[in-house]
Number of protein chains: 2
Amino acid sequence: MSEKISIVVLEDEKNYRDTIKLLLNFSNIFCCLQTYETIKKFYRGFDDIDPDIFWIDLNLPDGSGIDVIRHIKKYRPDALCMVCSFFDSEEMVFKALQNGADGYLLKGESNKKILEALQDLYNGGAPMSSTIAKKVIMSFQSYNAIQENFSLTIREKEILEHLSNGEQYKEIGGKLNVSIETIKKHIKNIYNKLHVNNRTEAVNKYYGLK
Amino acid sequence: MSEKISIVVLEDEKNYRDTIKLLLNFSNIFCCLQTYETIKKFYRGFDDIDPDIFWIDLNLPDGSGIDVIRHIKKYRPDALCMVCSFFDSEEMVFKALQNGADGYLLKGESNKKILEALQDLYNGGAPMSSTIAKKVIMSFQSYNAIQENFSLTIREKEILEHLSNGEQYKEIGGKLNVSIETIKKHIKNIYNKLHVNNRTEAVNKYYGLK
DNA sequence: GAAAGAATACCCCTTTTGGGGTATTCTGTT
DNA sequence: AACAGAATACCCCAAAAGGGGTATTCTTTC
């Protein structure tokens, strides 16, 4: 290993901050460049630091780590942001991810897990504590959780897929090499099965949106 | 540990199937109840099996594992589905998750990782290979890129919202207490701004779907 | 106080969609 | 061999959507 992976820590709790710093510097792959306990101090030092990874707590005394993430992603787009925080709310988790968090650990992970996660992050992964991963995956499922089958046939599903792109009957017929009338027939059947009467309602209902 | 965690494997490739079976049975926490190489055979045996975890390959010779996941989630809502497949496309990953996959491993993970993932899954986690986790997290971030404004006015956004519910012009006009012609005019403007020419395309574009 | 943009409303017209049928082939299952 | 379901294709017709205009009122901004 030529260079150590550099990390800056933003964490208000002194104890935890020192523990992480020690852990990083004790390993022979990471190097803790700097630690900060408030957002204000972090911003004051920001121009002078350019680590590979930012380690960020979300609940800071003078603001939210989410804003910090956004700031980092704006001015250091290549840096990685590892969130490490107590579990707060699902909304907090999703907001952090939407704003650019590249990984999300819950406080309380073992030292071994932490080091593994940081390496995974540096190698292009997206490490998450298992509770977080669960939330994330569940958010996908709620997309169409109640999605019954509606007993659509393969062909009907296929046509619905085209409908959902906004394609015209003519277009779909062309692609599937059948007459436009056939497409119309299929669509009538789809609408009947889904109990809707236009394209948008069908798409929303089948794909569980709205 | 009182009982072993029971697993059923659906995987067409004989070599891999046997390897997984051996791995599971060699551990002292898992027990491979049964293996299947096709969806057909799997469904034939389905009524007689009720494992804790289903291990599912997505690319099967006689169909897609995604349909299998949906089937399992319908009839064994408490069972867990661990996908293990080659990386196919992002779409495939998201479809699998949306349809109920509880974990997603890429083929090629080490035996150690596999066993850890299965334990994590059983304990309520959502284990993913790091490439998958990265895709998943990135999908959150791109969700945010929707914030393009397209310079729609407040009124236009409001009308687009109604459009996205599949409401008719007449209906929208009624709710907003303006003439249907006004609604039409607004919608023409919306389509122009978004460079689309029908409702579905407008909704997809504005809300960042598709 | 003029100019620009937004919201309102109407005209014209064509194309597309949706709803009601009927009928023929094809395929898989019993 | 019989049957059911699916996919194909066509008919008719009305309603809705989309695209082209123009015009008036009302804010907001310069």
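Put simply, NZ on B:K188 is 7 Å from C1' on D:dG20, counting in whole angstrom units. Put simply, CG on A:N197 is 10 Å from P on D:dA16, counting in whole angstrom units. Between B:E181 atom CD and D:dA17 atom C1' there is a gap of 12 Å when expressed in whole angstrom units. Atom CD1 in B:I183 sits about 13 Å away from atom P in D:dG18, given to the nearest Å. The nearest whole Å value for the distance from the CG atom in A:N189 to the P atom in D:dG5 is 13 Å. Between the CG atom of B:N192 and the C1' atom of D:dG19 there is a distance of 9 Å, rounded to whole Å. As a whole-Å value, the separation of A:R199 CZ from D:dA17 P is 12 Å. If you take CD1 of B:I154 and P of D:dT27, they are 16 Å apart, rounded to a whole angstrom.
Comment: B:K107 engages B:D57 in a salt bridge, judged by a side-chain N to carboxylate O separation of less than 4.0 angstrom. A:E91 has a carboxylate O that lies under 4.0 Å from a charged side-chain N of A:K95, or vice versa, which qualifies the two as a salt bridge. Between B:E161 and B:K157 no salt bridge is recorded (no basic side-chain N to carboxylate O distance below 4.0 Å). Salt-bridge check for A:E158 with A:R155: passed, with a basic side-chain N closer than 4.0 Å to an acidic carboxylate O.
Using a 4.0 Å heavy-atom criterion, one finds that A:T182 contacts the bases of the nucleic acid, with or without backbone contacts as well.
Distances shorter than 4.0 Å separate some side-chain N or O of B:K170 from OP1 or OP2 on D:dA16.
Expressed to the nearest 0.5 Å, how far CG of A:L118 lies from CH2 of A:W55 amounts to 5.5 Å.
Dense packing is recorded around NZ of A:K134, with more than 12 heavy atoms of other residues, nucleotides or ligands lying under 6.0 Å away.
The footprint of chain A on DNA chain C, defined by a heavy-atom cutoff below 4.0 Å, extends from C:dT16 to C:dT22.
Mapping B:L176 and A:V196 onto DNA chain C by nearest heavy atom places B:L176 closer to the 5' end of the strand. Comparing B:I180 and B:E156 along DNA chain C, the residue whose closest nucleotide (by nearest heavy atom) sits nearer the 5' end is B:E156.
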>> Applying salt bridge (charged side-chain N to carboxylate O under 4.0 Å, His left out) to B:R70 and B:D67, what does each step give before you reach the verdict?
In response: CA-CA 5 Å; B:R70 187 150 55 206; B:D67 297 322; 3.7 Å; yes
